Protein chains: 2
Amino acid sequence: MENSFCSEYWPENQDSVYLLPQVPCYFPQIQCSHESFQERRESATRSHSEAEKRLRDRINAQLSTLRKLIPTSEKMDKAALLGTVVDHVKDLKGKTAEISKVLNTPTDIDEVTIEHLNEEEENKGCLLKASFCCDDRPELFSELQRGIKNLKLTVMGADITSLGGRIKGVFMLCPNQNSANDVCMNSLKRSLRVVLSRIAISPSTSNYRIKSKRQRFFLPAHFS
Amino acid sequence: MENSFCSEYWPENQDSVYLLPQVPCYFPQIQCSHESFQERRESATRSHSEAEKRLRDRINAQLSTLRKLIPTSEKMDKAALLGTVVDHVKDLKGKTAEISKVLNTPTDIDEVTIEHLNEEEENKGCLLKASFCCDDRPELFSELQRGIKNLKLTVMGADITSLGGRIKGVFMLCPNQNSANDVCMNSLKRSLRVVLSRIAISPSTSNYRIKSKRQRFFLPAHFS
DNA sequence: CACCACACGTGAGTC
DNA sequence: TGACTCACGTGTGGT
């Protein structure tokens with residue numbers, strides 16, 4: 001055990017170490033530092049144990065922040081702590097999944113979709129269903145309202161859900177009464193998509209966004 | 001390192017081990033097993049290393065189930081895995097907290113409360129607000145309906161939220177039109193509390209229930 | 001070769 | 001005292 005430090009590039013034991021030449025090298029450019037093999041060996045094992053200490057500390061730091069997140073996890077050993085963490089994660093995952101089934105919860109993928117309801121009657125009383133999903137931010141609604149107004153559309157209904165810094169919205173839109181009757185629904189759809197995409201999808205990171213690790217949380221905002 | 005096994009009840013080194021008496025004891029009732037100190041020492045260190053192995057295995061088992069719960073956590077080292085677990089827990093906790101602010105989410109404490117609205121007009125058109133929180137189960141609603149009907153109460157409105165196997169409900173109740181006008185609201189309150197408590201609070205574990213670790217998840221059920 | 005992450009056995013502390 | 005948990009240093013394999 002004491003002399004088990006025996007990789008192929010280290011001498012088998014201390015005795016043979018002292019048999020190896022420790023004279024300065026004749027070629028200065030490849031002359032290594034004057035530390036002996038003994039010293040190199042010691043510094044290697046020292047740095048090894050220091051690295052191991054760092055690794056342990058990193059893991060233990062995460063464990064202790066987990067401990068802060070789990071109530072009554074004081075005085076639990078590591079395995080028990082991890083066990084309750086597993087339970088918490090399962091529990092919370094189940095709850096949020098359950099909620100998503102009823103609440104039309106935002107995902108973490110930016111998207112804009114435009115649908116065309118009442119296709120048969122092309123122009124009169126036609127409804128567009130526009131949905132988007134993006135990061136939530138305070139100016140979002142005013143920007144959306146301005147964009148919708150500029151396209152001469154009226155919001156007939158809306159369903160908005162904001163959760164965990166993300167927001168998902170569905171608008172029911174129809175052309176203004178006083179707008180020209182000859183408006184082409186397909187070009188309107190295209191313009192609407194462009195407008196919404198510009199507002200909802202951040203241009204720099206057009207999907208596969210770099211998200212900040214810490215999320216912001218807002219209360220659901222309701223469009224009136 | 002090899003001879004560092006030197007607690008006060010173990011001989012300092014091998015040599016002294018063999019100097020210790022190994023003759024059978026004269027008092028049979030305290031005659032210990034005939035294994036030598038050497039053997040006892042070996043079995044002790046063996047059981048120690050086996051216990052340590054069991055501990056490591058327990059911890060690693062929890063880590064690998066955590067790995068299954070976290071997508072894309074393959075090829076992460078332990079510290080990184082725990083880091084993303086921390087993020088997930090924070091994220092999910094924030095989301096459920098956010099939802100609880102709007103949704104009147106059930107807690108994990110059984111309770112029944114009865115409130116008295118419109119106190120000034122004692123008998124006519126009086127409203128009772130009855131809320132409960134308990135484990136969800138299929139027969140719950142029919143039992144509640146039967147209890148409410150037996151007390152000659154009418155459900156004017158209800159707000160029910162079921163989440164993670166728990167359910168929280170608020171009923172707005174008023175006495176039936178055709179029930180006697182001289183019904184005493186205080187005794188009605190008392191009866192209602194008794195009836196609801198019998199239904200909602202499991203008698204065996206009147207609070208501080210023993211919960212099964214794995215939770216059931218139901219979709220929110222709505223009272224119509 | 002150097003670094004890293006893991007598993008292992010061991011010393012020390014607790015109950 | 002034994003059983004258990006933790007921190008530590010070391011051996012080892014992978015990159």
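The chains referred to below are lettered A, B, ... by the order of the sequence lines, with proteins before strands, and numbering in each begins at 1. The model shown is predicted, which means the values in this text are computed figures rather than measured ones.
The side chain of Lys53(B) has dC8(C) as its nearest neighbour among dC8(C), dT10(C), dC6(C). Among the nucleotides dT10(C), dA7(D), dG9(D), the one closest to the side chain of Thr45(B) is dT10(C). The listed nucleotides are dC4(D), dC6(D), dT10(D); the one nearest the side chain of Ile59(B) is dC6(D). Distance from the side chain of His48(B) is smallest to dC6(D) among dG11(D), dA3(D), dC6(D). Ranking dC6(C), dC6(D), dC4(D) by closeness to the Arg54(B) side chain, first place goes to dC4(D). Picking from dA3(D), dA5(C), dC4(C) the nucleotide with the shortest atom distance to the side chain of Ala51(A) gives dC4(C).
Remark: Lys75(B) is not in phosphate contact with dA5(C), judged by side-chain N or O atoms under 4.0 Å from OP1 or OP2. Between dT5(D) and Arg58(B), a contact under 4.0 Å exists linking OP1 or OP2 to a side-chain N or O. Distances shown here put every side-chain N or O of Asn60(A) at or beyond 4.0 Å from the OP1 or OP2 atom of dC6(D).
Summarising the geometry, the separation between CG on Asp77(B) and P on dG14(D) is reported as 17 Å, rounded to the nearest angstrom. Rounded to an integer number of Å, the gap from Arg56(B) CZ to dG9(C) C1' is 7 Å. Summarising the geometry, the separation between CZ on Arg67(A) and P on dT5(D) is reported as 13 Å, rounded to the nearest angstrom. If you measure from atom CD of Gln62(B) to atom P of dT5(D), you get 13 Å, rounded to the nearest angstrom. Here dA5(C) presents its P atom at 13 Å from CG of Leu82(B), a figure rounded to the nearest Å. Atom pair Asp57(A):CG and dC6(D):C1' shows a separation of 13 Å (rounding to whole Å applied). Rounded to whole Å, the distance from CG on Leu55(B) to C1' on dA3(D) is 12 Å. One atom, CD of Glu42(B), and another, P of dG9(C), lie 14 Å apart when rounded to the nearest Å.
Ion pair Arg166(B)/Asp136(B) not flagged as a salt bridge, since none of the NZ, NE, NH1 or NH2 atoms sits closer than 4.0 Å to an Asp/Glu carboxylate oxygen.
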query = Leu63(B) and Leu82(B): side chain to side chain contact (heavy atoms under 4.5 Å, CB included), yes or no, with the steps?
reply = CA-CA 8 Å; Leu63(B) 284 175; Leu82(B) 289 178; 3.8 Å; yes
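Where Ser49(B) and Met76(B) each meet DNA chain C at their nearest nucleotide, the meeting point lying more 5' is that of Met76(B).
For dG9(D), its base never sits under 3.5 Å from the side chain of Arg46(A) at any donor and acceptor pair. Taking 3.5 Å as the limit, the base of dC6(C) and the side chain of Glu52(A) contain a donor-acceptor pair of atoms between them.
When only modelled atom types and interatomic distance are considered, Thr113(B) and Ser131(B) share a side-chain donor-acceptor pair under 3.5 Å.
Tested against Phe132(A), the residues Ile167(A), Ile199(A), Val170(A) include a single side chain to side chain contact (heavy atoms under 4.5 Å, CB included) partner, Ile167(A).
Side-chain atoms of Ile114(B) and Leu196(B), non-hydrogen and from C-beta on, do get closer than 4.5 Å to each other.
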